[in-house]
Amino acid sequence: RCIPHPTTSRRIMSRVSHRLVRTALVSRVNALGLTDRVYEFERFADRIEDLKALYAHNGAIKGGFIQRVSGSEDERGTCQPYLDSWQLSLYQSWSDSGESALDFDDWIDSIIDAFERGESLDSSETFGLSGNDKSGCVALLNAQPVKFAGVLCHSATLQIITYRWASYE
């Protein structure tokens, strides 16, 4: 839905909350059933064991969190949704004998597929995924081994672009 605004002295009256978008993104990832430890914000604990427990799934680390890293208005026309860039940080315990690197890549692919299917994030379409013919709404930015909660892990960062409509005065 495109809500035009005056070309002079526009003032945002309301914008769809980033919390709604954040919740929809995390719900989509957790709905895959591969873990339920992807959070709407970065979790922290004073003790390493407590941090491990926050991201533990079936006895190993498998989880992550999402952060909004930038936002701007789309200035291409009279309809100007607000575009947000999100980073989804993922972690999975390393297991060489269990071919965890391949499982981790499968998890990344399933997340990308879940977003690229074209399904709406919001039935009212006041917010959603933003992509075009040349690039989708999700991209793998990097993947590398890291130490997370004292455990050697695979890590990856995915970028997800969303839009939120605003109403203007």
Side-chain angles (χ1 to χ4, degrees), residues 15-72 81-123 125-132 134-164:
R15 179 181 296 138
V16 173
S17 168
H18 70 88
R19 289 177 183 257
L20 290 174
V21 179
R22 184 184 301 263
T23 297
L25 293 172
V26 169
S27 294
R28 174 86 44 105
V29 174
N30 285 333
L32 294 170
L34 301 173
T35 185
D36 60 353
R37 300 299 184 169
V38 176
Y39 296 102
E40 295 178 16
F41 55 94
E42 187 172 5
R43 302 297 305 267
F44 175 78
D46 288 328
R47 295 177 348 112
I48 291 288
E49 292 305 314
D50 294 339
L51 183 61
K52 279 185 200 174
L54 287 170
Y55 291 93
H57 178 78
N58 293 335
I61 289 177
K62 187 166 188 172
F65 56 88
I66 196 153
Q67 294 174 298
R68 185 170 55 161
V69 294
S70 67
S72 65
Y82 194 80
L83 297 178
D84 288 306
S85 178
W86 303 86
Q87 284 189 353
L88 177 62
S89 299
L90 302 170
Y91 303 95
Q92 179 180 303
S93 299
W94 197 290
S95 170
D96 190 59
S97 63
E99 299 181 338
S100 61
L102 302 176
D103 292 339
F104 189 65
D105 279 347
D106 289 343
W107 186 29
I108 292 167
D109 287 347
S110 68
I111 291 170
I112 292 170
D113 291 346
F115 284 106
E116 296 289 344
R117 272 185 242 151
E119 298 169 7
S120 176
L121 282 179
D122 171 48
S123 60
E125 297 187 16
T126 55
F127 65 89
L129 301 167
S130 182
N132 59 41
K134 294 183 182 177
S135 65
C137 57
V138 182
L140 174 62
L141 297 182
N142 63 53
Q144 61 191 10
V146 297
K147 199 109 183 207
F148 181 78
V151 176
L152 181 60
C153 291
H154 305 281
S155 78
T157 303
L158 301 176
Q159 179 184 47
I160 305 170
I161 307 296
T162 62
Y163 67 85
R164 299 182 280 150

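One is the number of the first residue; the rest follow in order along the sequence. Note that the structure is predicted; figures quoted are calculated from it, not measured.
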Do you know the tightest heavy-atom contact between [X] and [Y]?
X	Y	value
Phe104	His154	CD2-CB, 3.5 Å
Arg22	Arg68	NH2-CB, 4.1 Å
Cys137	Phe115	SG-O, 3.8 Å
Val138	Glu116	N-OE2, 3.1 Å
Asp84	Arg164	OD2-NE, 2.6 Å
Arg43	Tyr55	N-OH, 3.1 Å

With a 3.5 Å distance limit and no angle check, can you tell me whether [X] reaches the backbone of [Y] through a side-chain donor-acceptor pair?
X	Y	value
His57	Gly63	no
Tyr39	Leu54	yes
Ser100	Ser95	yes
Ser155	Gln144	yes
Arg28	Ala114	yes
Glu40	Val26	no

Q | The single option from Val38, Ile61, Val151 passing side chain to side chain contact (heavy atoms under 4.5 Å, CB included) against Tyr91 | A | Ile61
What distance separates [X] [atom1] from [Y] [atom2], expressed to the nearest 0.5 Å?
X	Y	atom1	atom2	result
Leu158	Leu25	CG	CG	11.5 Å
Gln92	Leu152	CD	CG	11.5 Å
Leu20	Thr162	CG	OG1	11.5 Å
Ile112	Trp107	CD1	CH2	12.5 Å
Lys62	Thr35	NZ	OG1	7.0 Å
Arg37	Asn30	CZ	CG	9.5 Å

Q | For Ile48, all residues meeting side chain to side chain contact (heavy atoms under 4.5 Å, CB included), sequence neighbours excluded | A |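 Side chain to side chain contact (heavy atoms under 4.5 Å, CB included) list for Ile48, sorted by chain: Lys52.
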Q: Test Leu90 against Ile111 for side chain to side chain contact (heavy atoms under 4.5 Å, CB included), laying out the working first.
A: CA-CA 11 Å; Leu90 302 170; Ile111 291 170; 3.6 Å; yes
